[in-house]
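Each remark here refers to the structure printed beneath this line.
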Amino acid sequence: MKQLFIIASITAFLFTACKSKSTDTGEAPATASQYYEKVAELEETMSEPLLTTEAAIKARGDKKDFEGIARSAKAMEDTVDLRINALKKLEPVGKGGEDFKLVATRYFEYIKSIYTAYKKIGEAKTEEERMKGADEMTNIINGQAAVMANLQSAQAKFAADNGFTINQ
C-alpha cells in the first residue's frame with residue numbers, strides 16, 4: 001500500500017512538472033530569457049522517460065521484480081544525470097543567472113534522488129531493507145512541495161529581474 005501511494009505521488013508530480021521535448025539544448029543562450037528557455041527545455045525533455053520509467057517500476061513492483069525496479073531506476077538516474085551535466089555546461093546569462101542555475105540543479109538532483117531511492121529498494125536484500133528504503137522515499141516525496149516552491153520562486157525572480165514573463 002505504501003509503495004502504491006509513493007508511485008502515485010511521484011507520477012502526479014512528474015505529470016505536473018514536465019512536458020516532452022528533445023534533450024539537445026542547441027546554441028548557447030544570449031539573453032536571460034533564452035537561458036531560462038534552455039533550462040526549461042532540459043526539464044521538459046524528462047517527461048516521456050519519467051512516465052515510462054514510472055509505469056515500468058509500478059509494473060515490476062506489482063510483480064515483486066526488485067531487480068527490474070533497480071534496473072529501471074538506474075536507467076532513469078542516468079537520464080537525469082544527462083540533464084544535470086547539460087545544465088552545468090550552460091553558462092548563466094542575466095541578473096541572478098547563477099542563483100537560478102543552482103536552484104534548477106538542485107531540482108534535477110531531487111528528481112534523481114527519487115530514482116536513487118527506488119534503486120535502493122530494488123537492490124535491498126531483505127524486506128526490512130526495502131521498508132527502510134520505502135521510508136526514505138516517503139521522506140523524499142514529503143520534500144516535493146518545498147523543492148517545487150523553490151524552483152517556482154527562482155523562476156519568477158529570474159524572470160522579473162531580467163524583464164521577461166514566463167509562459168506556462
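Keep in mind that the numbers below use all heavy atoms, side chains included, and drop hydrogens, waters and symmetry copies. Keep in mind that this is a model prediction, so the values were computed, not measured.
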Hydrophobic cluster identity match, Ile114 and Leu82, side-chain contacts under 4.5 Å: no
Minimal non-hydrogen separation, Leu151 against Ala104, with atom names: CD1-CA, 4.2 Å
Worked check of side-chain contact (heavy atoms from CB on, under 4.5 Å) between Val39 and Glu43: CA-CA 7 Å; Val39 174; Glu43 176 190 12; over 6 Å; no
Reported OG-to-CZ distance for the pair Ser33 and Phe158, which is rounded to 0.5 angstrom: 8.5 Å
Met148/Gln152 under side-chain contact (heavy atoms from CB on, under 4.5 Å): CA gap, chis, key distance, verdict: CA-CA 6 Å; Met148 290 307 296; Gln152 291 167 350; 4.0 Å; yes
Other residues, nucleotides, ligands: >12 heavy atoms within 6.0 Å of Glu127 CD: yes
Point-to-point distance, once rounded to the nearest 0.5 Å, from CG of Leu51 to CE of Met46: 11.0 Å
Beyond-backbone contact of Gln144 with Ile141, side-chain heavy atoms, under 4.5 angstrom: yes
Heavy-atom check, side chain of Pro29 versus side chain of Glu37, under 4.5 Å: no
Stepwise side-chain contact (heavy atoms from CB on, under 4.5 Å) check, Leu50 with Thr79: CA-CA 9 Å; Leu50 287 169; Thr79 299; over 6 Å; no
Side-chain heavy atoms of Ile84 within contact of Asp81, under 4.5 Å: yes
Phe108 side chain near Leu42 side chain, heavy-atom distance below 4.5 Å: yes
Leu87/Arg83 under side-chain contact (heavy atoms from CB on, under 4.5 Å): CA gap, chis, key distance, verdict: CA-CA 6 Å; Leu87 178 58; Arg83 275 71 178 179; over 6 Å; no
Any residue meeting side-chain hydrogen bond (donor to acceptor under 3.5 Å, both in side chains) with Glu136, in chain and number order, not counting sequence neighbours: Lys120
Throw together a table of side-chain donor-acceptor distances under 3.5 angstrom for residues 92-101, partners on residues two or more places apart or in other chains.
{"residue": "Lys101", "atom": "NZ", "partner": "Lys88", "partner atom": "O", "Å": "3.0"}
{"residue": "Lys101", "atom": "NZ", "partner": "Leu90", "partner atom": "O", "Å": "2.7"}

Sub-6.0 Å ring centroid separation between Tyr110 and Tyr107: no
Short side-chain to backbone donor-acceptor contact, Thr53 and Pro49, under 3.5 Å: yes
Arg106 CZ to Lys112 NZ distance, which is reported to the nearest 0.5 Å: 16.0 Å
Given Glu77, Lys74, Glu54, the one that forms side chain to side chain donor-acceptor pair (under 3.5 Å) with Tyr115: Glu54
Distance, nearest 0.5 Å, that separates CD1 of Ile69 from NZ of Lys63: 11.5 Å
Residue list, side-chain hydrogen bond (donor to acceptor under 3.5 Å, both in side chains) with Asn139, at least two apart or on another chain: none
Separation between CD of Glu123 and CZ of Arg71, rounded to the nearest 0.5 Å: 11.0 Å
For the student: nearest non-hydrogen atoms of Ser72 and Ile57, plus distance: CB-CG1, 3.9 Å
Flag, side chain of Gln34 to backbone of Thr31, donor-acceptor distance under 3.5 Å: yes
Nearest-0.5 Å distance, OG1 of residue Thr116 to CD1 of residue Ile121: 11.0 Å
Aromatic Phe66 / basic Arg130 pairing, under 6.0 angstrom, 45° off normal: yes
Joint hydrophobic cluster, Ile166 plus Val147, side-chain heavy atoms closer than 4.5 Å: yes
